[in-house]
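Notes to accompany the following structure.
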Amino acid sequence: MTTHYDFIAIGSGPAGKRASIQAAKLGKSVLLIEKNPVVGGVSVHTGTIPSKTLRETVLFLSGWRQRGIYGRSYKVKENITAEDLTQRLQSTLSHEVEIIQHQLMRNNVEILHGHARFKDEHTLTVEDSEGTMVDYSADNFLICVGTKTRRPENIPFNGDSIIDSDEIINMRRIPKKLLVVGGGVIGMEYATIFKALDIEVTILESNDYILSFVDREIVEEFIHHLRDCNISLRFADELKSIETRDDGKVICRLKSGKSLLVDTVMFAAGRQGVTGPDDLALETVGVETDHRGRITVNENYQTNIPHIYAAGDVIGFPSLASTSLEQGRAAACHAFGTEVHSQPELFPYGIFSVPEISMVGLTEKECNEKGISYEIGIALFRETARGQIIGLREGMLKMLFSIETQKLLGVHIVGEGATELVHIGQAVIALGGTLDYFVQTVFNYPTLAEAYKVAALDAYNRMNF
Ligand SMILES: Cc1cc2nc3c(=O)[nH]c(=O)nc-3n(C[C@H](O)[C@H](O)[C@H](O)COP(=O)(O)OP(=O)(O)OC[C@H]3O[C@@H](n4cnc5c(N)ncnc54)[C@H](O)[C@@H]3O)c2cc1C
């Protein structure tokens, strides 16, 4: 007999975890299916947590944060090894898995390890590691299977010198020269993290721009920083061929005719939904995907089959752990008729490059498209007392205010602590705050948050010339 549930989530990443707990809190019977032997998804095992743990380790061991004061050659540890970098990973990851497992158990979410595929609109067949198949049915489903790295067929990946971004956390040696293919968020994060180890880093991007969804001025400031620390940027160029020499080094020939000799090539050239025919058998139920395996959903996260929801990276941008959590919660609430006040327009975006980038609300481009007249205010971190004390050379906070209402419309930050600082702006936007709030409010001094006041005064001066 098929076991029946109110709600089944496929995938135990942030979306599946939060959705399952939400559905269980609503008193529903919930099954969470995960094909890996451990829960947590990309977020815990190959994406968010490993990359951020690696980032902290590198920034600490390299002494990066102190270099503005003690000079570029300052280091906390000489000869940093691959083991130094991975040591902290294992304990952080197992701690995360334990927390997630405990949260799920506490909330009576049943966990099943196996590969789920649709059999019909209300039934999944789950194959366990021994190949045993069992059917499970439900009233509602959430597809939150995430993404996998895109691995172009003509690239001879070998898990050592030619790797994708999932493999970089297991690297056995630190390269002297690294080529990062792809100037997206993941490429930028890893390129700048490895640059902090003083290795030669080149970024290859087929477009003539990077981070197209980020405010242009912020990207320019970021690029200025990349060049300042000698990251080599090759825009509007592509790999033509790639081969490994006998000594293990990799020769990369580019379409422009240039060649690069590096120790490691890391591909960060996009991810695609885990929704192929053998992944989920979506074709049996008619849930549609695009050319990158992403599922289209409506504002309630319903697919074209109303009781089958999708959330997280599998539905595309913004593809963040933070937003996946919230999408999962919203989907579960909608499935059981519970009202939810989710505000996707106020989701912050964080890029943990070195330096960080973060933003919330509207960009200048969006204001122009919507016909909103706005004024900007800018603060440079090095002009704040805190920036001077901690030796910041780079960093900028930019705010957009409506000229008509003086309301804060958007905040864009590049620099130390950007991903934390952005939440001040997020709260003010959500509460409908205006320029006056920043001008009249006292901030702790000396802090980087003071940049909000400086930027607000700059906007005030621009509006009242
Ligand atoms: C390098 C990197 C760095 C990142 N850094 C950040 C960051 O700093 N901040 C941030 O917010 N986000 C970050 N992200 C993004 C974040 O990891 C993802 O947004 C998040 O993990 C997506 O969650 P999800 O719920 O969609 O599922 P995922 O975490 O992708 O997990 C999906 C799960 O589904 C399982 N699954 C797939 N198919 C099946 C099936 N058929 N049956 C059963 N189980 C299945 C998989 O095994 C997997 O465990 C990063 C991503 C990467 C790759």
Side-chain angles (χ1 to χ4, degrees), residues 8-20 31-56 96-97 100 111-118 124-129 136 141-150 163-169 180 182 184-191 193 266-268 270-282 293-295 297 301 309-329 331 347-353 356-358 418-419:
I8 295 184
I10 314 166
S12 70
K17 177 191 86 165
R18 183 61 66 83
S20 304
L31 179 66
L32 174 62
I33 307 174
E34 170 54 59
K35 72 177 174 187
N36 281 340
V38 271
V39 293
V42 166
S43 176
V44 171
H45 300 286
T46 49
T48 315
I49 307 289
S51 61
K52 263 74 274 178
T53 309
L54 184 74
R55 182 181 191 274
E56 276 313 307
E96 276 297 309
V97 170
I100 295 171
I111 305 170
L112 175 70
H113 290 283
H115 189 148
R117 294 181 184 87
F118 279 96
L124 292 172
T125 300
V126 181
E127 180 182 2
D128 71 13
S129 54
Y136 296 87
F141 294 91
L142 178 70
I143 302 172
C144 39
V145 292
T147 54
K148 58 186 172 194
T149 48
R150 201 171 65 79
I163 55 178
D164 68 22
S165 58
D166 281 0
E167 292 169 318
I168 199 157
I169 50 169
V180 174
V185 173
I186 296 172
M188 285 302 154
E189 288 192 359
Y190 279 125
I193 290 171
M266 186 198 77
F267 271 82
R271 298 180 68 89
Q272 60 193 58
V274 192
T275 53
D278 192 46
D279 293 319
L280 267 181
L282 283 181
R294 291 170 301 202
I295 298 174
V297 291
Y301 302 100
Y309 292 75
D313 283 13
V314 77
I315 64 168
F317 190 83
S319 294
L320 292 171
S322 53
T323 51
S324 302
L325 285 165
E326 180 56 13
Q327 291 167 355
R329 184 181 80 91
F347 287 172
Y349 202 103
I351 302 175
F352 291 81
S353 44
E356 297 170 13
I357 296 175
S358 197
T419 54

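Only heavy atoms go into these numbers, but all of them, side chains included; no hydrogens, no water, no symmetry mates. Since we're looking at a predicted model, the values are computed, not measured. In each ligand, atom 1 is the first atom listed, and ligand 1 is the first ligand listed.
Of the candidates Arg55, His115, Glu189, Glu34, it is Glu34 that places a heavy atom closest to atom 49 (O) of ligand 1. The closest heavy-atom contact to atom 11 (O) of ligand 1, among the options Gly41, Ser12, Gly328, Ala321, comes from Ala321. With distances taken over non-hydrogen atoms, the option nearest atom 23 (O) of ligand 1 out of Pro14, Gly13, Gly312 is Pro14.
Residue Ser319 touches ligand 1 through its backbone alone, judged by heavy-atom distances below 4.0 Å. Contacts between Lys52 and ligand 1, counted as non-hydrogen atom pairs separated by less than 4.0 Å, involve the side chain only. Here Ile10 has side-chain heavy atoms under 4.0 Å from ligand 1, and that is the only part of it that gets that close. In Ser324, the part holding a heavy atom less than 4.0 Å from any atom of ligand 1 is the side chain. The parts of Leu320 lying near ligand 1 are both backbone and side chain, judged by heavy-atom distances below 4.0 Å.
The aromatic ring centres of Phe317 and Tyr349 sit less than 6.0 Å apart.
Of the protein's non-hydrogen atoms, the one nearest atom 42 (N) of ligand 1 is Ala116 N, 3.0 Å. Protein heavy atom in closest approach to atom 34 (O) of ligand 1: Gly11 CA, 3.2 Å. Closest protein heavy atom to atom 13 (C) of ligand 1: Thr48 OG1, 3.0 Å. The protein heavy atom nearest to atom 19 (O) of ligand 1 is Asp313 OD1, 2.6 Å. Closest to atom 51 (C) of ligand 1, if we only count protein heavy atoms, is Gly47 CA, 3.9 Å.
Using a non-hydrogen distance threshold of 4.0 Å, Gly114 registers as a contact of ligand 1. By the 4.0 Å heavy-atom criterion, Ser165 is excluded from the residues contacting ligand 1.
Note that the CG atom of Asp313 and the SG atom of Cys144 stand 10.5 Å from one another [nearest 0.5 Å]. Taken to the nearest 0.5 Å, the CD1 atom of Ile295 stands 9.0 Å off from the CD1 atom of Ile315. Atom CG of Leu320 is separated from atom CD of Glu326 by 13.0 Å, given to the nearest 0.5 angstrom. To the nearest 0.5 Å, the span separating CD1 on Ile143 from OH on Tyr309 amounts to 12.5 Å.
Classification of Lys52 and Glu189 as a salt-bridged pair holds, one side-chain N sitting under 4.0 Å from a carboxylate O. Taking a cutoff of 4.0 Å between a charged side-chain nitrogen and a carboxylate oxygen, Arg271 and Asp166 qualify as a salt bridge.
Using cut-offs of 30° and 60° on the angle between ring planes, the pair Phe118 and Phe141 is perpendicular.
Considering backbone and side-chain N/O atoms, Val42 comes within less than 3.5 Å of an N/O atom of ligand 1. Ligand 1 has no nitrogen or oxygen under 3.5 angstrom from a nitrogen or oxygen of Leu280. In terms of polar-atom proximity, Ile186 is not counted as a contact of ligand 1, lacking any N or O under 3.5 Å from an N or O of the ligand. Residue Tyr190 places no N or O, backbone or side chain, under 3.5 Å from any N or O of ligand 1. Close N/O approach between Arg271 and ligand 1 is not found [any backbone or side-chain N/O within under 3.5 Å]. On a distance-only criterion, Lys35 and ligand 1 share at least one N/O pair closer than 3.5 Å.
Of the residues listed (Leu280, Asp279, Val314), the one engaging Val274 in a side-chain contact (heavy atoms from CB on, under 4.5 Å) is Asp279, and it is the only one.
Listed by atom number, the atoms of ligand 1 under 4.0 Å from Ser322 heavy atoms are 11 (O). Of all atoms in ligand 1, numbered sequentially from 1 with element shown, those under 4.0 Å from a heavy atom of Asp279 are 41 (N). Ligand-side atoms of ligand 1 in range of Ala15: 25 (O), range being under 4.0 angstrom from any heavy atom. Atoms of ligand 1 found under 4.0 Å from any heavy atom of Ile33 (numbered from 1 in listed order, with element): 43 (C), 44 (N). Of all atoms in ligand 1, listed by their number and element, those nearer than 4.0 Å to a heavy atom of Phe352 are 8 (O). Remark: ligand 1 atoms within the under-4.0 Å shell around heavy atoms of Cys144 are 27 (O), 32 (C), 34 (O).
Arg117 is listed as a side-chain neighbour of Asp278, based on a closest heavy-atom distance under 4.5 Å.
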For this session: Report the C-alpha separation of Tyr301 and Leu142 in whole Å, then their side-chain angles, then the decisive distance to 0.1 Å, and conclude whether the side chain to side chain contact (heavy atoms under 4.5 Å, CB included) test is met.
Result: CA-CA 9 Å; Tyr301 302 100; Leu142 178 70; 5.6 Å; no
Exercise. So Thr46 and Thr149, side chain to side chain contact (heavy atoms under 4.5 Å, CB included) or not? Walk me through it.
Worked result: CA-CA 10 Å; Thr46 49; Thr149 48; over 6 Å; no
